[in-house]
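Contents: one structure, followed by commentary.
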Amino acid sequence: MHPGSAAAFRASIREAAVMDASAQSGEAGGDTTARKPAPKRKVGEKARKTKNARMSRPAFTIQQGEDMLLYISNTSSQSEGLLWTSRRKKVPKAKLLKYQKKKKKTVCPKSRLERKAVKEEEEDKFPEEDRWGQLLPEEVLINIFQMLVVQDGAVPFLCRVSRVCRLWNAAAATLTLWRKVAVSHCWIQPARGQTEKTSNRIKETFTWLAQNRFSQLRDFTLCHWATSADFALETVSEFCPHLRSVHLSYCRGVTGSGLRSLGLHSRNLQRLNLQHSEFQVEGLVDFLEEHGKQIRQMLFTRSHRNDKVLAAIAKGFCPDLELLEVNKKLDSKDTELSVCFQSLQKACPKLKIFRMFNIQIQHKAMRKRDESEAGFPLLDEFCIANTEYSYMTDQVLLDVLFGSNRLRVLDLRGSTRITTFGLAQLPCPMKKNLQLLMEKWGPTLQQLDITNQPFTEADLEVALMFLAQVAEADTLLSLNLSGTKITVQALRPVIERMTALGYLNLSSCRNLPRGVKKIYRSQEEIRELLANLH
């Protein structure tokens with residue numbers, strides 16, 4: 001192109017651009033001479049942001065070369081003519097769903113034969129190894145559920161697996177799987193109130209379970225029910241004729257109504273465990289007075305309000321009682337309890353297990369012992385363990401156990417007033433020192449705990465050496481010598497002989513070397529100790 005013609009061409013393009021800009025400004029704002037002044041903004045009013053109109057870019061760019069003009073396109077081949085795209089307007093979700101529903105086609109319901117054919121086709125798609133749960137014999141599935149119920153409990157395991165398929169539902173409905181059930185408070189979160197709707201739902205679910213699953217129930221446990229505990233007892237007693245054991249753990253609001261229902265309907269009830277639960281004392285006393293003859297095991301937590309329960313047992317309301325256990329809350333200050341053992345011996349001659357934990361017993365002697373009295377002739381276990389102090393003396397221990405020839409477990413932890421002389425007076429023929437105690441109990445002794453007992457070094461050495469000689473190698477399982485004057489010479493024969501020993505406590509034993517005074521909890525650790533002692 002000639003230079004003169006190029007200059008003329010550039011001038012014409014400039015004029016066209018000016019005319020185009022003036023035309024666009026005229027269309028957008030009209031006559032510029034007639035434009036009104038902008039209104040004044042009031043005090044405190046924010047300036048409004050003016051929206052600038054989106055200007056479309058030209059579809060080309062012109063660049064000047066040495067003797068020519070270059071025309072460069074701004075559009076791509078894929079989006080030719082598309083300079084910018086506007087945002088889509090948001091459609092409300094409800095309107096979109098309504099529009100989609102209009103588009104749906106009405107489908108005629110399939111007949112039973114068609115549904116069956118479709119189901120068979122779907123089953124053919126999956127191999128048999130992927131449908132093993134539906135092909136198991138029901139008896140095998142019940143045995144599997146039984147093992148899991150023993151480990152995890154019937155609730156909520158059986159409730160969950162019953163929703164898998166029809167076969168699992170039928171297996172989970174087997175009544176023999178529901179003989180032992182523990183129901184906890186799992187409907188609401190802890191520390192939250194319970195609405196009326198939630199309470200009604202709980203009662204409906206529990207009633208359905210009692211009517212349809214609990215007909216063979218034997219052992220029932222209720223945990224952490226602050227309300228509706230009476231309702232649960234009344235429902236279970238009504239629909240569970242074979243109920244033998246009831247355990248209320250950390251429950252509140254148990255009144256005489258629920259206990260009375262147990263007495264009227266549960267004729268096979270033998271075990272009642274109310275430990276760590278709040279109950280109406282008068283209601284329980286009335287229950288024991290009317291139905292205590294069927295109770296074989298009684299467990300409760302002691303407080304100053306329920307001492308009447310122990311008094312009711314001492315009156316003879318439970319003549320066939322075999323287990324009596326009384327414990328104390330850790331934060332309770334009511335630790336002292338007056339107990340008349342003579343009344344208990346007369347009222348409960350069949351007692352086999354007697355336990356009182358963390359309770360300071362004050363013996364209440366009423367009269368001298370008759371020669372005709374047999375004490376506790378069937379007593380197998382006697383535990384009076386506490387961590388504070390004890391009023392138990394040699395004479396009291398003799399008054400309790402003078403007729404207990406079958407005694408197998410004796411736990412006197414914390415009873416610092418008991419001496420070897422007192423143990424020697426027990427029905428088994430023993431003398432004053434520890435050696436003769438080992439002579440009597442050594443052949444059958446499985447656990448020995450003489451923590452903080454003031455035996456001399458010589459007495460311990462002779463007694464343990466005698467124990468190693470008379471006892472079998474696999475008899476002694478646990479040995480606690482904490483706080484005693486045991487020496488290496490007295491300890492070595494016992495460790496060498498007792499191959500089944502799995503627990504050894506040597507803490508606070510001053511006569512042992514450093515590095516040895518600790519607790520050994522396995523046979524391997526004890527073997528390493530024996531190697532170090534050599």
Side-chain angles (χ1 to χ4, degrees), residues 275-276 299-302 310 323-339 341 344 351-363 376 379-401 404 406-428 430 433-434 437-438 440-442 444-456 459-460 463-464 467 476-486 494 501-510 517-521:
Q275 288 182 333
H276 307 292
L299 303 92
F300 63 94
T301 299
R302 189 257 169 181
L310 190 62
L323 184 149
L324 177 60
E325 180 174 327
V326 185
N327 62 0
K328 180 187 73 71
K329 293 181 179 179
L330 296 178
D331 57 348
S332 176
K333 297 181 180 179
D334 302 321
T335 58
E336 297 183 1
L337 177 64
S338 297
V339 180
F341 286 104
L344 286 174
L351 196 66
K352 295 181 179 180
I353 299 176
F354 186 89
R355 299 171 182 159
M356 282 193 175
F357 298 112
N358 294 323
I359 296 176
Q360 280 66 48
I361 298 176
Q362 292 182 344
H363 179 47
F376 293 118
L379 195 65
D380 182 73
E381 178 180 342
F382 184 72
C383 298
I384 306 292
N386 60 80
T387 57
E388 297 180 4
Y389 57 92
S390 175
Y391 295 110
M392 185 68 64
T393 61
D394 292 342
Q395 185 60 43
V396 175
L397 185 64
L398 180 60
D399 292 341
V400 176
L401 302 177
S404 303
R406 301 184 181 183
L407 189 66
R408 191 172 58 89
V409 177
L410 180 61
D411 189 350
L412 300 174
R413 286 173 293 175
S415 301
T416 55
R417 301 185 181 186
I418 302 295
T419 64
T420 55
F421 178 78
L423 294 175
Q425 302 302 317
L426 294 180
C428 48
M430 295 180 292
N433 52 36
L434 184 61
L437 295 178
M438 295 298 103
K440 177 62 182 179
W441 290 335
T444 59
L445 195 63
Q446 295 183 358
Q447 298 181 7
L448 177 61
D449 186 346
I450 53 175
T451 303
N452 297 325
Q453 294 299 322
F455 297 116
T456 63
D459 196 8
L460 285 171
L464 292 182
L467 175 64
L476 189 64
L477 305 177
S478 174
L479 180 61
N480 191 342
L481 302 173
S482 176
T484 61
K485 299 178 182 179
I486 189 69
V494 178
L501 190 64
Y503 177 84
L504 178 62
N505 191 344
L506 300 178
S507 58
S508 303
C509 295
R510 296 183 178 181
K517 296 179 283 187
K518 61 180 182 178
I519 301 176
Y520 302 86
R521 303 182 185 276

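Computation of the quantities below employed the complete heavy-atom set of this structure, encompassing side-chain atoms and omitting hydrogens, waters and symmetry-equivalent molecules. Values in this document were obtained by computation on a predicted structure and should not be read as measured data.
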inquiry  = Is a donor from one side chain sitting under 3.5 angstrom from an acceptor on the other, for Ser508 and Ser482?
reply    =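 There is no such pair between these side chains.
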
Provide the closest heavy-atom pair for [X] versus [Y] in the form atom of the first, atom of the second, distance.
X: Val409; Y: Leu407; result: O-CD1, 3.5 Å
X: Arg417; Y: Asp394; result: O-OD1, 3.6 Å
X: Ile486; Y: Cys509; result: CG2-SG, 3.7 Å
X: Arg406; Y: Asp380; result: O-OD1, 3.8 Å
X: Phe300; Y: Leu310; result: CZ-N, 4.3 Å
X: Thr484; Y: Asn452; result: CG2-N, 4.1 Å

Quick one, [X] and [Y] - any side-chain contact, counting heavy atoms below 4.5 Å?
X: Leu337; Y: Arg302; value: yes
X: Leu460; Y: Ile450; value: yes
X: Leu324; Y: Leu299; value: no
X: Leu479; Y: Leu501; value: yes
X: Phe341; Y: Asp399; value: no
X: Asn505; Y: Tyr520; value: no
X: Tyr503; Y: Leu477; value: no
X: Phe376; Y: Leu344; value: yes

message = Applying side-chain contact (heavy atoms from CB on, under 4.5 Å) to Leu412 and Leu397, what does each step give before you reach the verdict?
response = CA-CA 10 Å; Leu412 300 174; Leu397 185 64; 4.0 Å; yes

Whether the side chain of [X] engages the backbone of [Y] through a donor-acceptor N/O pair (distance < 3.5 Å, no angle test) should be reported.
X: Thr456; Y: Asp459; result: yes
X: Ser507; Y: Lys517; result: no
X: Ser478; Y: Gln447; result: no

Roughly how far, to the nearest 0.5 Å, is [atom2] of [Y] from [atom1] of [X]?
X: Leu448; Y: Leu476; atom1: CG; atom2: CG; value: 7.0 Å
X: His276; Y: Thr301; atom1: NE2; atom2: OG1; value: 4.5 Å
X: Thr451; Y: Leu481; atom1: OG1; atom2: CG; value: 8.0 Å
X: Phe357; Y: Cys383; atom1: CZ; atom2: SG; value: 5.0 Å
X: Ile384; Y: Asp411; atom1: CD1; atom2: CG; value: 9.0 Å

ask   = Is there a side-chain contact (heavy atoms from CB on, under 4.5 Å) between Leu351 and Leu323 once you walk through the steps?
value = CA-CA 6 Å; Leu351 196 66; Leu323 184 149; 5.7 Å; no

task = Walk me through it: do Phe382 and Val400 pass the test side-chain contact (heavy atoms from CB on, under 4.5 Å)?
result = CA-CA 10 Å; Phe382 184 72; Val400 176; 3.6 Å; yes

Evaluation steps, side-chain contact (heavy atoms from CB on, under 4.5 Å), between Met392 and Ile418 = CA-CA 7 Å; Met392 185 68 64; Ile418 302 295; 3.8 Å; yes

inquiry  = Any salt bridge linking Glu381 with Arg355? Criterion: basic side-chain nitrogen under 4.0 Å from a carboxylate oxygen.
reply    = yes

ask   = NZ of Lys352: more than 12 outside heavy atoms within 6.0 angstrom?
value = no

